[in-house]
Amino acid sequence: MDCSKKHNISVYLTEEQLNKRIAEIGAQITERFRGESVYMIVILKGSIFFATELAKRIELPMTMDFMSVSSYGSGTESSGVVKIKKDLECSIEGENIIVVEDIIDSGNTLSRLVPMLKERNPKSVTLCTMLDKPDRRVVDDVVCDYTGFVIPDKFVVGFGLDYDQRYRNLPYIGFVEES
């Protein structure tokens, strides 16, 4: 991407819509795991905005750790090659794992990540995503337990999602249109 190129961003999901849905998911997770603790695994970088807001709304004892996993290069299409750049720092054995993603589209990343996490003997593995793009799915083994919004097959930015590391700081989610 040419960094000097300007993009038009049309708002798709407002900050208010995002916060309302995140509060609902937080309440559902709190209810499901009442009386237990959860271990949130945040997939960097895009999920950090969503995970931070979600964590504030889960009323349970919680541990957070981070993984850096990518199937994107510098463009807008998944490369199909999954790279684990940063692994967990602690054992997840016996833990109620909640994997937090910003967006699930092809499913390649989670298709590789979930089996690897299950080999570490957690008590449970739950998937939570802010956005789901089912029209882009190329694998059948990714089932999300908590989904913020199902969206059409358009490239989105904001609220942690980027286009070549730009636009993560937008407080809403929008569609990118090159000008």
Side-chain angles (χ1 to χ4, degrees), residues 12-13 17-34 36-60 62-72 76-84 88 92 95-162 168 172-175:
Y12 179 65
L13 295 168
Q17 289 173 294
L18 292 166
N19 285 328
K20 180 177 185 277
R21 183 66 185 123
I22 292 167
E24 292 168 355
I25 294 170
Q28 291 171 341
I29 290 171
T30 298
E31 187 57 36
R32 176 175 176 183
F33 293 102
R34 186 158 312 282
E36 300 184 63
S37 62
V38 294
Y39 192 114
M40 184 181 284
I41 298 175
V42 182
I43 307 302
L44 297 173
K45 297 178 186 172
S47 301
I48 194 70
F49 285 69
F50 174 51
T52 301
E53 294 303 317
L54 180 62
K56 292 190 285 188
R57 291 163 175 89
I58 296 175
E59 299 174 14
L60 300 168
M62 178 186 299
T63 301
M64 279 179 112
D65 203 348
F66 304 88
M67 292 186 83
S68 182
V69 184
S70 178
S71 64
Y72 284 86
T76 62
E77 297 289 324
S78 175
S79 67
V81 176
V82 177
K83 296 178 186 173
I84 296 175
L88 300 172
I92 58 171
E95 300 283 354
N96 291 307
I97 301 302
I98 301 174
V99 178
V100 180
E101 264 286 21
D102 52 358
I103 188 166
I104 301 174
D105 51 24
S106 70
N108 284 326
T109 302
L110 289 174
S111 181
R112 174 166 174 198
L113 181 61
V114 169
M116 183 192 79
L117 293 173
K118 286 182 177 178
E119 288 176 3
R120 299 177 187 191
N121 300 314
K123 181 176 182 180
S124 65
V125 176
T126 302
L127 297 181
C128 180
T129 188
M130 181 171 59
L131 303 175
D132 187 9
K133 237 192 249 188
D135 292 345
R136 302 260 311 156
R137 201 80 79 247
V138 297
V139 295
D140 296 326
D141 61 344
V142 173
V143 178
C144 196
D145 301 278
Y146 300 98
T147 300
F149 299 91
V150 175
I151 65 168
D153 186 11
K154 292 182 79 173
F155 196 78
V156 288
V157 295
F159 210 77
L161 296 154
D162 73 298
R168 286 190 198 278
Y172 57 85
I173 291 175
F175 294 129

### Message
On a heavy-atom basis, which atom in Leu117 and which in Val99 lie closest, and how many Å separate them?
### Response
CD1-CG2, 3.6 Å
### pair Ile43-Leu113: side-chain heavy atoms closer than 4.5 Å
yes
### Message
Does any part of the side chain of Arg112, heavy atoms only, come nearer than 4.5 Å to the side chain of Asn108, both counted from C-beta?
### Response
no
### Task
Could you point out which residue of Ile41, Val125, Val42, Ile29 forms a side-chain contact (heavy atoms from CB on, under 4.5 Å) with Ile98?
Ile29
### Message
My understanding is that only residues two or more places apart in sequence, or in another chain, count here; which of them pass salt bridge (charged side-chain N to carboxylate O under 4.0 Å, His left out) with Asp65?
### Response
Lys86
### Task
Considering only NZ, NE, NH1 and NH2 on the basic side and carboxylate oxygens on the acidic side, decide whether Asp102 and Lys45 come within less than 4.0 Å.
no
### Query
Taking all atoms of both residues into account, what is the closest heavy-atom pair of Ala55 and Met62, and its distance?
CB-SD, 3.8 Å
### Query
So, for Gly160 and Phe49, which heavy atoms are closest and what is the spacing to 0.1 Å?
CA-CD1, 3.4 Å
#### Entry: Close side-chain approach of Leu110 and Thr129, heavy atoms under 4.5 Å
no
### Query
Residues two or more places apart in sequence or in another chain: which of them pass side-chain hydrogen bond (donor to acceptor under 3.5 Å, both in side chains) with Asn96?
Glu36, Ser124
### Message
Restricting to salt bridge (charged side-chain N to carboxylate O under 4.0 Å, His left out), what partner residues turn up for Glu31, sequence neighbours left out?
### Response
Arg34
## Note on the structure
Residue set satisfying salt bridge (charged side-chain N to carboxylate O under 4.0 Å, His left out) with Lys20, at least two apart, ordered chain then number -> Glu24
#### Entry: Polar side-chain atom of Arg168 near backbone of Gly158 as donor-acceptor pair, under 3.5 Å
no
### Message
Ignoring hydrogens, what is the shortest heavy-atom contact between Val100 and Ala51? Give both atom names and the distance.
### Response
CG1-CB, 3.9 Å
### Message
On a heavy-atom basis, which atom in Phe159 and which in Met130 lie closest, and how many Å separate them?
### Response
CD2-SD, 3.3 Å
### Query
Of all residues at least two apart in sequence or in a different chain, which pass the side chain to side chain contact (heavy atoms under 4.5 Å, CB included) check with Thr63?
Tyr39
### Query
Which value, rounded to the nearest 0.5 Å, describes the distance between Thr109 atom OG1 and Met67 atom CE?
11.0 Å
### Task
Under the side chain to side chain contact (heavy atoms under 4.5 Å, CB included) rule, collect the residues that match up with Tyr12, sequence neighbours excluded.
Ile151, Pro152, Phe175
### Summary
To the nearest 0.5 Å, atom CG of Leu88 lies from atom CE of Met116 at 6.5 Å
#### Entry: Atom pair CD1/CZ of Ile25 and Arg32 - distance to nearest 0.5 Å
13.0 Å
### Message
Please check this pair: side chain of Arg120 against backbone of Ile92, looking for a donor-acceptor N/O pair closer than 3.5 Å.
### Response
no
#### Entry: Atom pair NZ (Lys133) and CD1 (Ile104), whose distance is rounded to the nearest 0.5 Å
12.0 Å
### Query
When rounded to the nearest 0.5 angstrom, what is the spacing between CD1 in Ile58 and OG in Ser37?
12.0 Å
### Query
How about Arg21 and Leu13: do any of their side-chain heavy atoms sit closer than 4.5 Å?
no
What pairs of donor and acceptor atoms, side-chain ones from residues 139-147 against any protein atom, are under 3.5 angstrom apart with sequence neighbours left out?
from	atom 1	to	atom 2	distance (Å)
Asp141	OD1	Ser111	OG	3.1
Asp141	OD2	Ser111	OG	3.1
Asp145	OD2	Leu127	N	2.7

#### Entry: Spacing of OG belonging to Ser47 relative to CD belonging to Glu101, to within rounding of 0.5 Å
4.5 Å
### Message
Which residues pass the salt bridge (charged side-chain N to carboxylate O under 4.0 Å, His left out) test with Lys118, not counting sequence neighbours?
### Response
none
### Message
Within the 4.5 Å heavy-atom criterion, are Phe50 and Leu131 side-chain neighbours or not?
### Response
no
### Task
Would you check if Phe149 and Leu18 make a side-chain contact, meaning some heavy-atom pair closer than 4.5 Å?
yes
#### Entry: Pairs satisfying side-chain hydrogen bond (donor to acceptor under 3.5 Å, both in side chains), at least one member in residues 50-60, at least two apart
Glu53-Lys56, Glu53-Arg57
